[in-house]
2 protein chains.
Amino acid sequence: MSVDRPPATMTEIAAALGVSSATVSNALSGKGRVSAELSAKIRQAAEELGYVPSHAARALRTGRTGVIGLVLPDISNPLFPQIAQAIEQAAASAGFGVLIADSRGEIAQQTAAIGRLIERGVDGMIVVPRRGSRIADIGTPVAIIDSPSTPGNTVSSDHWDGGVQMGRHLASLGHRKVLLIAHSRESNVQNDRIGGLRAGLGKEVCCETLWVEDLEASKGAGCALGLSVRVADGFTGFAAVYDLLALRALTELQRDGIDVPLQASVSGFDDLVWSSVVMPPITTLRQDLATIAECAVEALGHAIADSEASAGDLIAARPDCEGVPMTLMVRQSTGPAAISVVSDAGNAREDGR
Amino acid sequence: MSVDRPPATMTEIAAALGVSSATVSNALSGKGRVSAELSAKIRQAAEELGYVPSHAARALRTGRTGVIGLVLPDISNPLFPQIAQAIEQAAASAGFGVLIADSRGEIAQQTAAIGRLIERGVDGMIVVPRRGSRIADIGTPVAIIDSPSTPGNTVSSDHWDGGVQMGRHLASLGHRKVLLIAHSRESNVQNDRIGGLRAGLGKEVCCETLWVEDLEASKGAGCALGLSVRVADGFTGFAAVYDLLALRALTELQRDGIDVPLQASVSGFDDLVWSSVVMPPITTLRQDLATIAECAVEALGHAIADSEASAGDLIAARPDCEGVPMTLMVRQSTGPAAISVVSDAGNAREDGR
DNA sequence: CCAAGGTGATTAATCGTTTAACCAACCATA
DNA sequence: TATGGTTGGTTAAACGATTAATCACCTTGG
């Protein structure tokens, strides 16, 4: 590998071949008019001299940095790695770099982070908004990954349908009394999932939603969810709205001596890394983050290209991939419902199996 | 908020005040000789006109982009969010942007990712290497976060000492037969932790290491660890080398009807988000990632500044913060050892409590 | 034979900052 | 009154790529 000779510039290539630097630029970008043979020679020379384009110079001249910003809410979200990975990959193959901005904490931080990105001259940004927050209209293309029910959303999983899938899965296992476990009422994603779950479970299933946020407000963060009481009450299914809550439910049930899935089923959303290695592995829904990332980057790319022409609209919209399907990962944390004392007689109606 | 008028340039400020652009530059950077009053006027004008420096132009002129790269191994590492967050924060307050590069998969990917970063013109990079991989000498300052025992390491937690702390904790609870659970023999971090644990547990404690990697090679990924057998064998402590393994151990034990911490204690490393919300919450060691990030960024900053002067050494080294202490988070997954059938009579000797 | 059009390349300006070099005052010292 | 040092500023040349404008030359059609 060539040692650290400072990389060649277009001017140097031009000088080496006795042509003008404009010709080199044209040949390499394929834009102007250059004869095929000269173009080939230039390309070869560029290769040999180890030409590396100067992003700084290009950015200065064209006003485009080739970098997009990635703004994530509360970075502690365990899904972050997968999102970041997917976006980085999609962006890289579209020729973009990804600058991260953490918007930990309050919404003000999110705004500040966005500001920093703009100052750095990103061409656009992808934002996974904090629940309940709206992105102000900044003078830069933005793609938003949130939920189909969020106005301005660009691309996201079909959380509702995911809920439906899980609901059907649980219903088909015979569960007739299910506790839905969510955290925040403000989250569109969580609301979608809850709605889907209810729809998927159907009318015959009795279900109730436990908002952990409310519970923690009175009993303190990390408090017990009191699930064994629910089991005693006849609940056999516990459908959490994301894996972290599912894990919390699972361990609490296990600690209280309740067997999962024999006595109670537990399900989650997102398929986080550990979901498959705990005992029992958690039944959950996997988001197709690769597709989402591709859509987001593509939409953003279009918006960036368009913003050159018409400086009008600023939010990239792409309706055709607003609801990327999630896939159900059935594992061992869900199983046939235990014989419930509460369940009524007519349980054979519409048996899904 | 001012709408989208293209931000003012130095030249415009200069024109507005009837001075030269060089003077504006000097006033704003505080470098050249400018009278105090003119300097103030320029600063004010800059403020009023909404001046935003062009990073691109500056980068072109100075050869510095003000951006550092962050290369992470296998992004699925659940610690990633916290690292990224800490680095981003430290970098932001040092005036750097952070470009991410995922090096998922093989070492080749890591090299490719590094290459992309270099092409983008990062001033330096922070690498959390894949276990067992060495970073080739690229022509850019690099700070490495790995383990004190890794040659070339720049800054990291004192994993060994963390192990010692946890070992002492378990020993003081009376555990005399402890299973150490690790994943890969190639990981310096894991080896350090194991070493520290053994040291902290002391001579009197019988301990054995379970390498999950080996186990999975024969029994498949995500297989059971067979811990209940160990409990029957007299093991009362299960010290995992990171929280994911601890969680795996915890759920497996619970599933098998073993009460944690009454019958067995479980501990981990890293204090991941969920460690505190599972039941029981996991006793673990928290890394001081803020400090590590600051050290890394600072070291990198020095290396970048120095690389200007002497283009000699390329790896940023900073011995004085190679072993950032970890703090023990005692929670409910560890408790006094159950009465062990195997433990010998003289168990009152050197009781730490 | 001349105007028109196409081809393949060059010239030179430009993006916004930084910085070395230069210059015009002004003050003090010899 | 020359000489030399400060002070406060200006000029102009970079940095490297892009691109509109221009040019020389060749072909073709009328």
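All chains are named by letter (A, B, ...) in the order of the sequence lines, taking the proteins before the strands, and each is independently numbered beginning at 1.
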| message | Using OP1 and OP2 only, check whether a side-chain N or O of R58(A) sits under 4.0 Å from dT18(D). | response | yes

| said: Is T9(B) close enough to dG16(C) that one of its side-chain N or O atoms is under 4.0 Å from OP1 or OP2 there? | reply: no

| query | In whole angstroms, how far is the P atom of dT18(C) from the NE2 atom of H55(B)? | reply | 10 Å

| 5'-most contact on DNA chain D: A22(B) or M10(A), nearest heavy atom basis? | A22(B)

| task | Send over the distance from L49(B) CG to dG16(C) C1', rounded to a whole Å. | result | 15 Å

| field | Heavy-atom side-chain proximity of I145(B) to V127(B) below 4.5 angstrom | value | no

| remark: To the nearest angstrom, the CG-C1' distance between L60(B) and dC15(D) comes to 4 Å

| Could you give the CD1-to-P distance, from I13(B) to dG9(D), as a whole number of Å? | 16 Å

| query | Between the side chains of Q85(A) and Q89(A), is a donor N or O closer than 3.5 angstrom to an acceptor N or O? | reply | no

| task | Would you tell me if any nitrogen or oxygen in the side chain of S54(A) comes within less than 4.0 Å of OP1 or OP2 on dG16(D)? | result | no

| message | Please give me every residue in residues 25-38 of chain B whose heavy atoms get under 4.0 Å of an atom in DNA chain C, ordered by residue number. | response | S25(B), N26(B), K31(B)

| Between the main-chain N or O of I144(A) and the side-chain N or O of T154(A), is there a donor-acceptor pair closer than 3.5 Å? | yes

| Can you tell if the side chain of H55(B) reaches within under 4.5 Å of the side chain of T65(B), non-hydrogen atoms only? | no

| task | Kindly determine whether S39(B) and R43(B) satisfy side chain to side chain donor-acceptor pair (under 3.5 Å), including the steps that lead there. | result | CA-CA 6 Å; S39(B) 177; R43(B) 243 170 258 281; 3.2 Å; yes

| task | Give a yes or no on whether a salt bridge exists between E88(B) and R116(A), defined as a side-chain N under 4.0 angstrom from a carboxylate O. | result | yes

| query | What's the CD-C1' distance between E119(A) and dT17(C), to the nearest Å? | reply | 16 Å

| query | With nearest nucleotides of DNA chain D determined for V19(B) and A56(A) from heavy-atom distances, which residue corresponds to the more 5′ nucleotide? | reply | V19(B)

